[in-house]
Peer 1: 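Handing you this structure, nothing more for now.
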Amino acid sequence: MDSIKKVFIRIKDKIYGSKNDRTRKIFISLLFCLVILLILTVDMIPREMEFAVGQESPVDIRAPETRTIIDEEATGARQELALENLSPIYQENRQALEITREKLAEIFDFLLEAREEEASLNEAEVFFADYDLMITEEQWEFFLGLSNAELAALRLQLEETLSSLYQGPLYSDEQQDNREQFREIFTDLRDEGEVDNLIDFFAPLLVPNLVVDEEAVAEREQTILAGIEPVTTTVRSGEMIVQQGQEISELEFQLLEEFGLSRGEISWFQITGIAFYFIIITLVIFYYFINYHQEIWQENNQVFLLESLIIILFAIAWIISRFQLEFLAYLAPVAMVSILVTVLIKTAAAVAVTIYISLLLPVLFGGNFLLAASYFVGGMVGAFSVAEVSQRSDLVKAGFNVSGALVLTIMVLNFLNPAQLLLDYIIFAGIGLANGLLVAILANGLLPYLENGFKLTSAVKLLELSNPSHPLLKRLLIEAPGTYHHSVLVGNLAENAADQIGADSLLTRVAAYYHDIGKLKRPFFFSDNQFGDNNPHNDIKPNLSALIIRSHVRDGVELAREYNLPQEIIDIIEQHQGTNLISYFYQEAQQSETRSSLNESDFRYEGPRPQTKEAALIMLADVCEAAVRSKNFNKSNHSRIESVVRGLIREKLIENELDESNLTLKELNLIGESFSRILTGIYHQRVEYPEEIEEEMGRLKGSGSGDKGADNKSGSGKNNQSGAADRN
């Protein structure tokens, strides 16, 4: 099992390679093109016995040109009727009696000799086989039981029978009648009880004296057939030869052969047309992504996801096309691809892919490009329905939206065909509803597998991770409550700033919740979770303290992998401290040790530095929230908080911690404004109520009556109590 697993891992690594491995991308893209082309053209490759008499036709077939042909079936029936009363022509065989007598004499000579030598049944079988006679054990015992005189008498009776028999005709095509005549004559000369056995044995010796003259019969048949007029059928160009699902008759099969449609020849012209059409559409979509969505094109897993989803859809559509029912073409779940691409990548990519599919998929259904409109509408509605997905049930809602849109679109499209019956419209409406249901089922079912298989994280997955009931967040709340509270605040700070600069706000917030999970290993070594004056760092050396603090990043990565967190969150956990210096313990170490023995790298995080805007936001939010919370100053002063925040951002910029995050100075300015505004709201000092108001609140809380005035006081008490709670 381990060896098999290693093989699959090796194959997976070969396929994915680096993020933008051009060779692998080209190879997989060529493979994608070949698979789609095969699906589109496989039905044009002839199959054995594609058309046969009595078989249902898989497609409608029309005559390519006007042609008159002989109806061989009807003509054959007319010829059979003409030949029905044709009598056979016989030729006399004058040697028939002599030949039969000679055979009879040879047989009786053998019987006399065999009786004397007591020959076995096997020897008799070998002898009689030369005369095309079969002898049973019972018959052989009968012959051996006869005396010489009895054998001579039997021979004489048979010769007399033959003489009488050959006075009349013995026809070669009436062997049964000849046998019956033999029986009638022989019965008069022999005991009736022995006749059956003897007739069964000797009847094959009879040589007919009137033999059918095959050549004369054939000549007469040809003369008769030559005088019969053939039955003809004229087929007009475009006329239906056989309808889809109809059994092929002899005449229809003859027409197919006449037009060269029954031999299953490959239509290279049609295949070439489809191939060029596919290449043009595919080159356009590739050009679009290469030039307008470089961020997608440079990610191999996203490109492979798009190609895999299109292949899955075309495979499903090909299976649907096997049923050869016109209305089932509307069942192809195009919106499934649109929804999954929107959720896993982005809406713009889903729109482009939906257009691509809508233009290409109708080829599978006989080139009915009216289908393209329904595919496009269904796909667009699906994509837009999950553009702002907030929970998994939104995928089901999207399926219902697709159903509604498709029912309306399919009905409108079929209004173009006034020959439709009411039942047809009901069927089309049902197909539209079924399509939406199928889309919802497939999108929900495939999403988790696609996320894991292509290493992508959807908004649905992130929303599930943001739920406080997630095991890791529950552990954080119970085992490290200070860290949990800090992480929530960092999430709020970073999410708002992400909205300001156009980063992924959902990923930023969720990653912030988990960025410090490494502190679960030693929660009380971090100030977030220290209560009272008990600080374990007081009893250990600064370099060991720094090692413990640094290790929370590595511990967080291990814990994230243990709980199968997405790679994007693991990367942010690993990068959120960058290569920052743990300055407190470094300064403490400088005071207690000589500078020559002090290594600054022992007091820095291992990195790497933030590689994305989201990771950089969490680094800045982390340090700013901790600094503002820990500093002892008037937090009602917005300018003071803003000064601290901008100073910290400037410090990280100068230390080159943000160099690899692609943040611009303009974005850093927006981040500073956002952090300052929110931190001022969180940490502003509360108004302290005078003692008289507190006493009045206590009296109101303790009083209560059923009249209106008491109710008003109770309401006031609740309001004041809320204010007191805010103050506390």
Peer 1: Give every residue pair that meets the ring-ring contact (aromatic ring centres under 6.0 Å, His included) criterion with at least one member in residues 556-581, sequence neighbours excluded.
Peer 2: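 Of all non-adjacent pairs touching residues 556-581, those that pass ring-ring contact (aromatic ring centres under 6.0 Å, His included) are H515-H576, H552-H576.
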Peer 1: With sequence neighbours excluded, tell me which residues meet side-chain hydrogen bond (donor to acceptor under 3.5 Å, both in side chains) with S661.
Peer 2: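 For S661, no residue satisfies side-chain hydrogen bond (donor to acceptor under 3.5 Å, both in side chains) once neighbours in sequence are set aside.
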Peer 1: More than 12 foreign heavy atoms under 6.0 Å from NE2 of H293: is that the case here?
Peer 2: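 Enclosed.
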Peer 1: Checking E451 against S458: is there a side-chain donor and acceptor pair closer than 3.5 Å?
Peer 2: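 Checked: S458/E451 side chains pair up, N/O donor to acceptor below 3.5 Å.
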Peer 1: Does any donor atom in the side chain of Y584 or S545 lie under 3.5 Å from an acceptor atom in the other side chain?
Peer 2: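 There is no such pair (donor and acceptor under 3.5 Å, judged by atom type) between the side chains of Y584 and S545.
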Peer 1: Using only heavy-atom distances, determine whether the side chains of T579 and E606 contain a donor-acceptor pair under 3.5 Å.
Peer 2: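 No, E606 and T579 have no side-chain donor paired with an acceptor closer than 3.5 Å.
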Peer 1: Cut-off 3.5 Å, side chains only: do R609 and N656 have a donor facing an acceptor?
Peer 2: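 Per modelled atom types, R609 and N656 side chains form no pair under 3.5 Å.
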Peer 1: Checking side-chain polar atoms at under 3.5 Å, does N496 have a donor or acceptor matched by the opposite partner on S674?
Peer 2: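 Per modelled atom types, N496 and S674 side chains form a pair under 3.5 Å.
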Peer 1: Using 30° and 60° as the class limits, which term best fits the ring planes of H537 and F525: parallel, tilted or perpendicular?
Peer 2: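 Taking F525 first and then H537, their aromatic rings stand perpendicular (interplane angle over 60°).
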Peer 1: Is it the case that the side chains of E660 and Q611 hold a donor-acceptor pair, with the cut-off being a distance below 3.5 Å and no angle test?
Peer 2: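 On atom types as modelled, these side chains qualify, holding a pair under 3.5 Å.
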Peer 1: Is the ring pair Y356/F32 parallel, tilted or perpendicular, if the boundaries are 30 and 60 degrees?
Peer 2: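 Aromatic pair Y356/F32 classed tilted.
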Peer 1: Tell me which one of L565, L462, I572 satisfies side-chain contact (heavy atoms from CB on, under 4.5 Å) with V510.
Peer 2: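 It is L462, the one option of L565, L462, I572 that forms the side-chain contact (heavy atoms from CB on, under 4.5 Å) with V510.
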Peer 1: Say whether S551 and R522, considering side chains only, have a donor N or O and an acceptor N or O under 3.5 Å apart.
Peer 2: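 Yes.
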Peer 1: Measuring from atom CD1 of I573 to atom CG of D555, what distance do you get when rounded to the nearest 0.5 angstrom?
Peer 2: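 I573 atom CD1 to D555 atom CG measures 11.0 Å (nearest 0.5 Å).
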Peer 1: Is a donor from one side chain sitting under 3.5 angstrom from an acceptor on the other, for T342 and T347?
Peer 2: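 No - no donor-acceptor pair under 3.5 Å links their side chains.
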Peer 1: Within the structure provided, determine whether L34 and L30 are in side-chain contact (heavy-atom separation under 4.5 Å).
Peer 2: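 No, every pair of side-chain atoms sits at 4.5 Å or beyond.
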Peer 1: In terms of side-chain heavy atoms, does Q567 have a donor or acceptor partner in D571 at a distance below 3.5 Å?
Peer 2: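 Yes, D571 and Q567 have a side-chain donor paired with an acceptor closer than 3.5 Å.
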Peer 1: State whether a side-chain donor-acceptor pair under 3.5 Å links T483 with D516.
Peer 2: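 No donor-acceptor contact under 3.5 Å links the two side chains.
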Peer 1: For a quick check under 3.5 Å, do D622 and Q577 share a side-chain donor-acceptor pair by atom type?
Peer 2: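 Side-chain D/A pair, D622 to Q577: present.
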